[in-house]
Amino acid sequence: MSDGAAALVDGESDAIANMANISALIWQVMPDLNWAGFYRFDGRELVLGPFQGKAACIRIALDKGVCGAAARTRESQRVEDVHAFPGHIACDAASRSELVVPIVHDGRLIGVLDLDSPVPARFTPADQAGAEAMTARLAPALAG
């Protein structure tokens, strides 16, 4: 997936467009997910969007849920049952497991990659390693 994602962002300077493009690619190669997306860090919280001229639609504080934990600790979070995770934000009631990978560039938190599945314990250590490698490779383009 890294080579395909790298090709998508090659020459694209808009970080939000890059996040949307890579999310679309992830959906193609992992169609069993119910969410694949990036939240960018705006210095205070994680933000989804804006997209196509619309304002940000979701904001997550760093003390909330799996995404907040990954951003706060700068460590990937692979959770078998998100509904048992302290402070979980149920954006999608169908989500059962989650993999969230922080995106860091030049020591600065850029955001997180968030993958949700309706299948409990969906994500493997290999999924985590692959997502971490992809985000590390693409962090400069995602930083904008």
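One-based numbering along the sequence shown. Not measured: the values here are computed from a predicted model.
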S.K.: Report yes if the side chains of Arg122 and Met30 come closer than 4.5 Å at any heavy-atom pair, otherwise no.
M.R.: yes
S.K.: Run the numbers on Arg108 and Asp106 for salt bridge (charged side-chain N to carboxylate O under 4.0 Å, His left out), then give the verdict.
M.R.: CA-CA 5 Å; Arg108 180 172 63 99; Asp106 287 340; over 6 Å; no
S.K.: So if you build clusters from Ile, Leu, Val, Met, Phe, Trp, Tyr with side-chain heavy-atom gaps below 4.5 Å, do Trp27 and Ile58 land together?
M.R.: no
S.K.: Any chain of hydrophobic side-chain contacts (each under 4.5 Å) joining Leu138 to Val29?
M.R.: yes
S.K.: Any chance you could measure Leu62, atom CG, to Leu46, atom CG, to the nearest 0.5 Å?
M.R.: 5.5 Å
S.K.: May I ask you to test the Arg59-Asp42 pair for a side-chain heavy-atom distance under 4.5 Å?
M.R.: yes
S.K.: Could you measure the distance from the CG atom of Leu113 to the CD1 atom of Ile103? Nearest 0.5 Å is fine.
M.R.: 6.0 Å
S.K.: State, yes or no, whether a side-chain contact exists between His105 and Pro140 at a heavy-atom distance under 4.5 Å.
M.R.: yes
S.K.: Does the pair Asp63/Arg72 count as a salt bridge with the N-to-O cut at 4.0 Å?
M.R.: no
S.K.: Please find the pair of heavy atoms, one from Thr73 and one from Ala69, that lie closest to each other, and give the distance.
M.R.: OG1-O, 2.7 Å
S.K.: Looking at Pro102 and Ala70, what are the two nearest heavy atoms and their distance?
M.R.: CB-O, 3.7 Å
S.K.: Quick one: CD on Glu98 to SG on Cys67, what's the gap to the nearest 0.5 Å?
M.R.: 5.0 Å
S.K.: If we check side-chain contact (heavy atoms from CB on, under 4.5 Å) with Phe123, which of these qualifies: Leu115, Val100, Val79?
M.R.: Leu115
S.K.: Less than 3.5 Å apart, any donor N or O on the side chain of Glu132 or Ser76 sitting next to an acceptor on the other?
M.R.: yes
S.K.: Any donor-acceptor pair under 3.5 Å linking the side-chain atoms of Asp116 with those of Ser97?
M.R.: no
S.K.: Less than 4.5 Å apart, side chain to side chain, heavy atoms only: is that true for Pro118 and Asn34?
M.R.: yes
S.K.: Set out, in order, the CA-CA distance, both residues' side-chain angles and the distance that settles side chain to side chain contact (heavy atoms under 4.5 Å, CB included) for Glu45 and Ile60, then state yes or no.
M.R.: CA-CA 6 Å; Glu45 59 194 353; Ile60 300 175; over 6 Å; no
S.K.: Begin with the C-alpha distance, continue with both residues' side-chain angles, and end with the deciding distance and a verdict on side chain to side chain contact (heavy atoms under 4.5 Å, CB included) for Asp114 and Tyr39.
M.R.: CA-CA 8 Å; Asp114 179 21; Tyr39 293 87; 3.5 Å; yes
S.K.: Step by step, work out the side chain to side chain contact (heavy atoms under 4.5 Å, CB included) result for Arg96 and His83.
M.R.: CA-CA 7 Å; Arg96 296 308 302 174; His83 299 284; 2.8 Å; yes
S.K.: Which is it for Leu33 and Ile26 under the side chain to side chain contact (heavy atoms under 4.5 Å, CB included) test, yes or no, and what are the steps along the way?
M.R.: CA-CA 9 Å; Leu33 302 182; Ile26 292 169; 4.0 Å; yes
